[in-house]
Enquirer: 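I'd like to ask some things about the structure below.
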Amino acid sequence: MQSNLMRPVRLLVLGAGGRGSTYADYLLQHPEEGVVVGVAELDAARRQAFAERHQLNPGQVFADWRDALATPRFADAAVIATQDRMHVEPVEAAAALGYHLLLEKPMAPDEAGCRRIVAAAERHGVMLGVCHVLRYTAYTQALKRILEAGTIGEIVSVEHLEPVGYWHQAHSFVRGNWRNEQESSPMLLSKACHDLDWLRYVVGRRCERVSSFGHLKHFRREEQPAGASDRCVTCPPEVETACPYSAKRYYLGQLDAGHTGWPLNVLTPQPTRETVLGALEVGPYGRCVYACDNDVVDHQVVNFEFSGGVTASFTMTAFTRARGRETRIFGTRGELYGDSQLISVYDFLTGETTTLDTDVASDGSILSGHGGGDDGLMAAFLQAVQHNDPNLILSGPAETLESHLMVFAAEEARRTGGVSSLHPSS
Ligand SMILES: NC(=O)c1ccc[n+]([C@@H]2O[C@H](COP(=O)([O-])OP(=O)(O)OC[C@H]3O[C@@H](n4cnc5c(N)ncnc54)[C@H](O)[C@@H]3O)[C@@H](O)[C@H]2O)c1
């Protein structure tokens, strides 16, 4: 579809929670690139705060995405940042109205949903960018340039680690929104779909076969220390102070260090000592990590075979300090190691190691804007819409669908204990 825009891109935000607000607030810093002209958000307090920040008038503010999409198209693009299971319907409705789409990952929790999303974008001729933000970091782009220059020869094998971090696991995947597979999706989809997508991007080949193992080892009732209570604020001090996962220690510690953004603003919109303590007393984030309704894995490995026999292994584990992802890439002429900031390359011919500092200190999490990936994604998507050029989107429909299919195949392999093949036609 023709946009012919050289003015700021007009954006409609569907779901103004953590992610929708992050993308929208980018425009407050970059008004020449785009402007928010509408929002749909179920939560009244969030809706109002968002409308005030973006100076929206009542006619631009909706409680439900269905209401926003019941009116004729009034923006160039829609950001769809509702929860995982609420992506397909707004995508189909927004595409039918001719909105270009910036969609949060995962596209959908199953293959059928992902295919419906891709089909809707194709049918209505709109651009689709999926928020695989790691593709857009300066670090990833530098690493990709090194590989494409042939510096380490041909890639033969890869080892990739996602150190989720003990507190991030506890926050999001034990107490929080992504703790339960039925309510959201398996860990590999909700968190590590970034990594599978990144591996596909970096290796630059189709994945053909996968196997996987993974379990929930630690965050279970059986592991609860003797004498602990089911809420940190009522836990006996001798137990609470010895627990690395104490919600009291972590969230109040963050507050004492002067942080009020993510993850504290997930507990309460205006984090103060009083509101945070209130949330810990009654809300989900004050629960003992051994007494939650979580079932997603806390550690998992996946092995991949890409075309041409290239292999990769991936480890996701909760039991780390928070830090960036780490990768080793083994090539026919050299070896590369990256830690999300530094990239070292050892050359077999010269025996020399060169190190590049991409200068993006990042723990790879939301806190650091995913190492600059959030901003990079927004800049690329807005450019694509402005110039009507889908090639500026690094995470378009075809490759994103492929990397989601890798996730589904790996989950199937984990559940069956077998090896899953990805069909050449997929
Ligand atoms: N790219 C990333 O790295 C990354 C990181 C975290 C989350 N995510 C994904 O982003 C999405 C959103 O996550 P989040 O952390 O912002 O969650 P969130 O719960 O903070 O935001 C979702 C918002 O959608 C709103 N909503 C629900 N139903 C609605 C409706 N019918 N109409 C309008 N609004 C509605 C909710 O009220 C909520 O505010 C999820 O799919 C999640 O997996 C991506």
Side-chain angles (χ1 to χ4, degrees), residues 12-26 38-51 61-70 78-91 93-94 102-109 113-114 117 129-137 162 164 168 171-173 176-181 183-198 261-269 284-285 296 325 362-378 381 394-395 400 403-404 407:
L12 165 64
V13 176
L14 306 177
R19 300 305 298 166
S21 296
T22 296
Y23 297 125
D25 291 357
Y26 169 90
V39 67
E41 167 54 52
L42 271 190
D43 183 279
R46 281 183 174 181
R47 189 166 67 235
Q48 191 186 341
F50 185 99
V61 180
F62 304 85
D64 196 298
W65 63 261
R66 293 170 188 84
D67 302 329
L69 298 181
V79 173
I80 291 132
T82 41
Q83 276 299 344
D84 301 1
R85 289 178 186 275
M86 296 182 217
H87 289 174
V88 179
E89 289 181 356
V91 162
L102 183 64
L103 171 65
E104 254 308 354
K105 50 56 49 181
M107 298 168 98
C114 295
I117 284 170
V130 177
C131 299
H132 278 306
V133 287
L134 295 185
R135 288 191 179 214
Y136 296 85
T137 64
E162 184 187 7
V164 176
H168 190 182
H171 172 78
S172 294
F173 306 101
N177 286 340
W178 296 277
R179 70 193 180 281
N180 187 288
E181 287 193 13
E183 284 184 28
S184 61
S185 39
M187 187 74 178
L188 211 54
L189 192 61
S190 58
K191 184 82 172 85
C193 75
H194 277 311
D195 296 271
L196 273 60
D197 180 77
W198 190 86
W262 185 86
L264 280 180
N265 60 7
V266 178
L267 277 63
T268 166
Y285 294 93
V296 302
R325 289 145 163 109
S362 167
D363 62 359
S365 82
I366 290 173
L367 268 176
S368 67
H370 296 103
D374 290 356
D375 286 2
L377 163 77
M378 273 303 277
F381 179 74
L394 301 177
S395 48
T400 309
S403 65
H404 277 62
V407 171

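Read the numbers this way: they start at 1 and go in the same order the structure lists the ligands and their atoms.
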Enquirer: Quick check: do D84 and N177 have side-chain heavy atoms less than 4.5 Å from each other?
Expert: no

Enquirer: Any idea which of A81, A16, G20, P263 brings a heavy atom closest to atom 12 (C) of ligand 1?
Expert: A81

Enquirer: With heavy-atom distances below 4.0 Å as the criterion, list the atoms of ligand 1 near A40.
Expert: 33 (C), 34 (N)

Enquirer: Out of D64, N177, D84, who gets a non-hydrogen atom closest to atom 40 (C) of ligand 1?
Expert: D84

Enquirer: Roughly how far, to the nearest 0.5 Å, is CD of Q83 from CD of E183?
Expert: 10.0 Å

Enquirer: For the atom pair CZ (R135) and CG (L394), what is the distance rounded to the nearest 0.5 Å?
Expert: 7.0 Å

Enquirer: For ligand 1, which atoms, with element, lie under 4.0 Å from some heavy atom of H87?
Expert: 41 (O)

Enquirer: Would you call the rings of F173 and W178 parallel, tilted or perpendicular, where under 30° means parallel and over 60° means perpendicular?
Expert: tilted

Enquirer: Output the list of atoms in ligand 1 that are nearer than 4.0 Å to some heavy atom of G17, sorted by atom number.
Expert: 16 (O), 20 (O), 21 (O), 23 (C), 39 (O)

Enquirer: Within the 4.0 Å heavy-atom shell around R46, which atoms of ligand 1 are there?
Expert: 18 (P), 19 (O), 20 (O), 21 (O), 38 (C), 39 (O)

Enquirer: Under 4.0 Å from a heavy atom of P106: which atoms of ligand 1 are those, numbered in the order shown and with their elements?
Expert: 43 (O)

Enquirer: Which atoms form the tightest heavy-atom contact between L69 and A94, and what is the distance?
Expert: CD1-N, 3.7 Å

Enquirer: Between E104 and ligand 1, find which residue part has any heavy-atom pair under 4.0 Å and reply side chain, backbone, both or neither.
Expert: side chain

Enquirer: Below 4.0 angstrom from a heavy atom of M86, which ligand 1 atoms are there? Numbered from 1 as shown, please.
Expert: 27 (C), 28 (N)

Enquirer: So, taking the atom named CE in M86 and the one named CG in L14, what distance separates them when rounded to the nearest 0.5 Å?
Expert: 12.5 Å

Enquirer: Using a 4.0 Å cutoff against the non-hydrogen atoms of C131, which atoms of ligand 1 qualify?
Expert: 1 (N)

Enquirer: Does at least one non-hydrogen atom of H132 fall below 4.0 angstrom from an atom of ligand 1?
Expert: no

Enquirer: Closer than 4.0 Å to some heavy atom of R66 - which atoms of ligand 1 meet that?
Expert: 31 (N)

Enquirer: Applying a 4.0 Å heavy-atom criterion (strictly less than), which segment of A63 is in contact with ligand 1: side chain, backbone, both, or neither?
Expert: backbone

Enquirer: Between W178 and ligand 1, which residue portion shows a heavy-atom distance shorter than 4.0 Å: side chain, backbone, both, or neither?
Expert: side chain

Enquirer: Look up atom OG1 in T82 and atom CD in E104, then write down how far apart they are to the nearest 0.5 Å.
Expert: 9.5 Å

Enquirer: Enter the distance from Y285:OH to T268:OG1 here, rounded to the nearest 0.5 Å.
Expert: 12.0 Å

Enquirer: Considering all heavy atoms of both residues, which atom of R46 and which atom of G17 are nearest to each other, and what is their separation?
Expert: NH1-CA, 3.4 Å

